[in-house]
Amino acid sequence: MALCIGLAMMTKISTALIAPAMAVMMLYRAWIDRKQWMVYVKQFACFGLIAFPLGLWHSVYNFVKYEVPLGYAAFLGEDSAQYIGQHDKWARFFDFDRAFEFLAVRLDYIHDFADYNIPVTLIKFATFGESSYYDSSLLTNILGTGIFWADAALFVFMAAALVFWCFRKDGRGIQKTFLLTGAAVSLYSYLKFCIKYTHVCTMNVRYIMGAFYIGCLVIGGALTAIQEMTSKKGAAAGRAGAVGVKAVTVVSVVYGAAVITLLAGMEVLLP
């Protein structure tokens, strides 16, 4: 685990965002076996001796040699075409004016408008990246529009699954605590980044992928829990639960086929 975290941090320092969730797991285990606390002190020390030098040596080197602060991110400035700092925090979350008139991300004010609503722009980045290819033909428009709204539904489904699964008593409390902590830290870091660096590019989905992956795990946990619940209520309910899970699988396959078709079209048609 120390090697994984250390090498990951050496690649991208933000991997450290998983550290609080891991710390919860490690401290929980140490508390359960607190009579053998010295064993865990040794393990934690070994973890630190491996993970921290591997993960931080390059950041420390840049700080010592070039005075680059740890975790430094360049600020593009208010003269950037991507600057959206004129919109207040309320608008960044709840103002949907013109947000859906074009489903791809509008990165700058060159074309009169730049996206500033965080939830909507997140879905746009998750669906199309920085491409506007979806609007290049009728077929790609239909596929792209469908994928966009499917992604929007997926994010809502993730939130609902998180509430349902994580607060359901089933003896998996520590696993849920780990996932909740990881998702919360990832979400907090993303929102803080968006508010601090007021440019369109900071809303990219790549800055919240930790929470996204955890959301996928939670959906799996929620579907399994639903199937377990319905199976205990009789054969008919069990069959209904199984059908529901299969329906989600079919929707996932159709969604994947649409994405592959859109990507294949981009490869063939774009220069």
I'd like to check F63 versus Y72 (side-chain heavy atoms, cut-off strictly below 4.5 Å). Are they in contact? no
Is there a continuous path of hydrophobic side-chain contacts, each under 4.5 Å between heavy atoms, that joins M209 to L187? yes
How far apart are the C-alpha atoms of V105 and E130, what are their side-chain angles, what is the distance that settles it, and do they pass the side chain to side chain contact (heavy atoms under 4.5 Å, CB included) test? CA-CA 6 Å; V105 178; E130 297 180 6; 6.0 Å; no
Pairwise side-chain contact, I118 with L191, heavy-atom cut-off 4.5 Å (strictly under): yes
Between K124 and A99 (side chain of the first, backbone of the second, donor and acceptor by atom type, cut-off under 3.5 Å), is there such a pair? yes
Closest non-hydrogen atoms of A211 and A183, given as atom of the first, atom of the second and distance, are CB-O, 4.0 Å
With no hydrogens and no angle check, is any side-chain donor or acceptor of D115 less than 3.5 Å from a backbone partner on R106? yes
All heavy atoms of F125 vs all of V205, minimum pair found to be CB-N, 3.7 Å
Contact check, side chains of R168 and K176, non-hydrogen atoms, under 4.5 Å: yes
Where do A104 and S131 come nearest, in terms of heavy atoms and distance? CB-O, 3.5 Å
If you draw a 6.0 Å radius around CD in Q86, do more than 12 non-hydrogen atoms from other residues or ligands fall strictly inside? yes
Measure the spacing between CD of Q82 and CG of L107 and express it to the nearest 0.5 Å. 5.0 Å
Would you mind reporting whether T121 and P119 have side-chain heavy atoms less than 4.5 Å apart? no
Hydrophobic clusters here meaning ILVMFWY residues chained together by side-chain heavy-atom distances under 4.5 Å, can you tell me if V185 and V24 are in one? no
For F102, all residues meeting ring pair (Phe, Tyr, Trp, His ring centres under 6.0 Å), sequence neighbours excluded: Y134
Spatial distance of atom NE2 (H87) from atom CG (D97) [nearest 0.5 Å]: 9.5 Å
Is there a path of hydrophobic side-chain contacts, each under 4.5 Å between heavy atoms of I, L, V, M, F, W or Y residues, that connects M1 with I214? yes
In Å, rounded to the nearest 0.5 Å, how long is the span from CD1 of I147 to CG of L103? 11.5 Å
Please check if the distance between the ring centroids of Y190 and Y207 is under 6.0 Å. no
By salt bridge (Lys or Arg N to Asp or Glu O under 4.0 Å), D151 pairs with (sequence neighbours left out) none
Find out whether M22 and F47 are in side-chain contact, i.e. whether some heavy atom of one side chain is under 4.5 Å from a heavy atom of the other. yes
L76 versus D79, closest heavy-atom pair with distance: O-OD1, 3.8 Å
Which residues pass the side chain to side chain contact (heavy atoms under 4.5 Å, CB included) test with A153, not counting sequence neighbours? none
With rounding to the nearest 0.5 Å, note down the distance linking NZ in K192 to OH in Y197. 9.0 Å
Run the side-chain donor-acceptor check on residues 11-19: report pairs under 3.5 Å with partners two or more places apart or on a different chain.
unit_1: T11; atom_1: OG1; unit_2: L7; atom_2: O; d: 3.0
unit_1: T15; atom_1: OG1; unit_2: A8; atom_2: O; d: 3.3
unit_1: T15; atom_1: OG1; unit_2: K12; atom_2: O; d: 2.8

Pair listing, ring-ring contact (aromatic ring centres under 6.0 Å, His included) test, anchored in residues 12-46, at least two apart: none
State, yes or no, whether a side-chain contact exists between S59 and M9 at a heavy-atom distance under 4.5 Å. no
Over 60° means perpendicular and under 30° means parallel, so classify the ring planes of F148 and F128, tilted if in between. parallel
Can we say R29 and D33 salt-bridge, meaning some charged N sits less than 4.0 Å from an Asp/Glu carboxylate O? yes
Hey, is OH on Y188 packed in by over 12 heavy atoms from elsewhere, all under 6.0 Å? no
Does the side chain of D108 pick up a donor-acceptor pair with the side chain of Y83 at under 3.5 Å? no
For A222 against A161, the heavy-atom pair lying closest together: CB-CB, 3.8 Å
Has F96 got more than 12 heavy atoms of other residues, nucleotides or ligands less than 6.0 Å from its CZ? yes
Tell me whether T181 contacts the main-chain N or O of T177 through its side chain, where contact means a donor paired with an acceptor under 3.5 Å. yes
Shared hydrophobic cluster for W57 and L70 (ILVMFWY, side-chain gaps under 4.5 Å): no
Report, as yes or no, whether the 6.0 Å neighbourhood of atom CZ on F100 holds more than 12 heavy atoms from other residues, nucleotides or ligands. yes
Determine, step by step, whether F93 and V120 satisfy the side chain to side chain contact (heavy atoms under 4.5 Å, CB included) criterion, reporting the C-alpha distance in whole Å, the side-chain angles of both residues, the deciding distance to 0.1 Å, and the verdict. CA-CA 9 Å; F93 289 95; V120 176; over 6 Å; no
So how far is it from L162 CG to L217 CG, rounded to the nearest 0.5 Å? 11.5 Å
Report the residues that fulfil ring pair (Phe, Tyr, Trp, His ring centres under 6.0 Å) with F75, sequence neighbours left out, ordered by chain and then residue number. H199
For the pair M203 and L122, evaluate side chain to side chain contact (heavy atoms under 4.5 Å, CB included) and give the outcome as yes or no after the intermediate values. CA-CA 6 Å; M203 294 182 282; L122 171 63; 5.8 Å; no
In Å and rounded to the nearest 0.5 Å, what is the CG to NZ distance from D95 to K89? 15.5 Å
F193, CZ atom: more than 12 neighbouring heavy atoms under 6.0 Å: yes
Grab the two heavy atoms, one from G144 and one from T127, that are nearest each other, plus how far apart they are. O-CG2, 4.4 Å
Are I50 and F52 in one and the same hydrophobic cluster, where Ile, Leu, Val, Met, Phe, Trp and Tyr link if side-chain heavy atoms are under 4.5 Å apart? no
Can S136 and N141 be said to form a side chain to side chain contact (heavy atoms under 4.5 Å, CB included), step by step? CA-CA 7 Å; S136 61; N141 187 287; over 6 Å; no
